[in-house]
> 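Can you read through this structure? Questions will come right after.
Proteins come first, then strands; the chains are lettered A, B, ... in the order of their sequence lines, and each starts at number 1.
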Protein chains: 2
Amino acid sequence: MQMKTGVEQSVYAVLLLNMLPEKAVLHSEVISGQIGASPTYFQKLLRKLVSADLITSVPGVKGGFKLKKNPEDIRVYDIYVAIEGQQSLYSPSGILNDVLELEKDDRCCVLGELMEEAEDSWKSVLKRETIASLSEQVESKRFVNHVTDLKNWVEENMVV
Amino acid sequence: MQMKTGVEQSVYAVLLLNMLPEKAVLHSEVISGQIGASPTYFQKLLRKLVSADLITSVPGVKGGFKLKKNPEDIRVYDIYVAIEGQQSLYSPSGILNDVLELEKDDRCCVLGELMEEAEDSWKSVLKRETIASLSEQVESKRFVNHVTDLKNWVEENMVV
DNA sequence: ATAATTCGGATAATCATTGTCCGGTTTAAT
DNA sequence: ATTAAACCGGACAATGATTATCCGAATTAT
């Protein structure tokens, strides 16, 4: 039970896109290069983010990706769902139902209720934080100089 | 990102073992038969529970498994850790460190802190519930008659 | 027109989980 | 003592999900 690395990469990608000025986009291979991800697979992650309406893609020469929503409206949870899908951490196999000889309608999986509560609790933390608040943390922490380096890098590599 | 089915099976196994009278044990194949798990793999799960000191094994003819701790002292979380190990849901790959050109010592993974908090929140729910409280729920809910059936089955199949 | 890019599908590679097998050890019963 | 039935633990195979690659099509700036 481990989170996909794709979620982590996607979060950082969105953080990078958040550094873009208006109208500018970032080429997918440039991003994956910076993050150190496999370019082809990373494209698929980006497309999932596009499908989830979190980022926008611009096809053609000088194309690339940029944010679609405001950073305050992109929760870490949204990125997680975009990449991993909505399936829950725990899929009850109905074992206890068999054991107790229950009907299928009898939705009373004791363990399931607990797991659902645990998962909700986990999700609520991911829903709390947004790209805006994460960016703020990165900037306000102890490495402001590195952030300016990174922003310079973005400006050098962005298009339009 | 999905929880191993082994965790679910293990929880139910422990619930079954909790129905045993003192000194009695349950044969591993009998349990896996009831739960509908593959017998050989299920043995491995049981041995993990043994290693975690949650249950005891009795080798030899008339051998089997029984609880080692009191049901109040076995948390769902303990079973989860016994089966899945202690690795966290999120293993930071240090991407942001690379991006920000940080030293390895600089443990300031923004996303990591958030994920850790989320995971702690998730775990706290699993730590709250014990085998005792789960058993109580099963018994007190709406299927008391099924539980007595199950207890009869345990008595028929237990050893010593 | 051409080159550079995203899009979407098919498919392969990798890895964790699940499952099997076998020889060894322990114990009850004969 | 011998035997049979169970647990022990390691090696290894099968399965399935994630990751990764490739290719042709669509789009757009030059």
> In this structure, would Val58(B) and Phe42(B) fall into the same cluster of hydrophobic residues linked by side-chain contacts under 4.5 Å?
no
> Whole Å only: how far is the CD1 atom of Ile35(B) from the P atom of dG19(C)?
13 Å
> Is Thr5(B) close enough to dT18(C) that one of its side-chain N or O atoms is under 4.0 Å from OP1 or OP2 there?
yes
> What nucleic acid atoms does Val159(B) come within less than 4.0 Å of, heavy atoms only: base, sugar-phosphate, or nothing?
nothing
> Calculate the interatomic distance between Glu29(A) atom CD and dC22(D) atom P; express it in whole Å.
12 Å
> Looking at the side chain of Lys44(B), which of dC21(C), dC7(D), dT17(C) is the nearest nucleotide?
dC21(C)
> Assuming nearest nucleotide by heavy-atom distance, tell me which of Val61(A) and Tyr41(B) is located more 5' along DNA chain C.
Val61(A)
> Please report, rounded to the nearest Å, how far the P atom of dT20(C) is from the CD atom of Gln43(B).
12 Å
> Within the supplied structure, the quantity of interest is the number of heavy atoms (other residues, nucleotides, ligands) at a distance under 6.0 Å from Gln86(B) CD; does it exceed 12?
no
> Quick check on dT21(D): is either OP1 or OP2 less than 4.0 Å from any side-chain nitrogen or oxygen of Ser38(A)?
yes
> Separation of Lys23(B) atom NZ from dA28(C) atom P, in whole Å?
12 Å
> Salt-bridged, Arg128(A) to Glu117(B), with N to O below 4.0 Å?
yes
> Does a nitrogen or oxygen in the side chain of Thr40(A) sit under 4.0 Å from OP1 or OP2 of dT19(D)?
no
> Looking for any heavy atom pair under 4.0 Å, which part of the strands does Met3(A) touch: base, sugar-phosphate only, or nothing?
nothing
> Starting at atom CZ of Arg47(A), determine the distance to atom P of dT19(D), rounded to an integer number of angstrom.
15 Å
> Taking the six-membered ring of Tyr77(A) as reference, does the cationic atom of Lys127(A) (NZ for Lys, CZ for Arg) lie under 6.0 Å from its centre and within 45° of its axis?
yes
> Can you measure Leu49(B) atom CG to dC8(D) atom P for me and round it to whole angstrom units?
11 Å
> Do Val138(A) and Leu20(A) land in one hydrophobic cluster if side-chain heavy atoms of ILVMFWY residues count as linked below 4.5 Å?
yes
> Figure out the NZ/C1' separation between Lys48(B) and dG19(C), and round it to whole Å.
13 Å
> Using a heavy-atom cut-off of 4.0 Å across all strands, would you classify Phe65(B) as base, sugar-phosphate, or nothing?
sugar-phosphate
> What is the distance from NZ of Lys62(A) to C1' of dT5(C), rounded to the nearest Å?
13 Å
> Report which part of the nucleic acid Gln2(B) touches: base, sugar-phosphate, or nothing (heavy-atom distance under 4.0 Å, all strands).
nothing
> Pick the closest DNA chain C nucleotide for Val58(B) and for Leu26(A) by heavy atoms, then say which residue is nearer the 5' end.
Leu26(A)
> Map His27(B) and Ala37(A) onto DNA chain D by nearest heavy atom, then report which one ends up closer to the 5' terminus.
His27(B)
> When you check the phosphate oxygens OP1 and OP2 of dC8(D), does a side-chain N or O of Ser57(B) lie under 4.0 Å from one of them?
yes
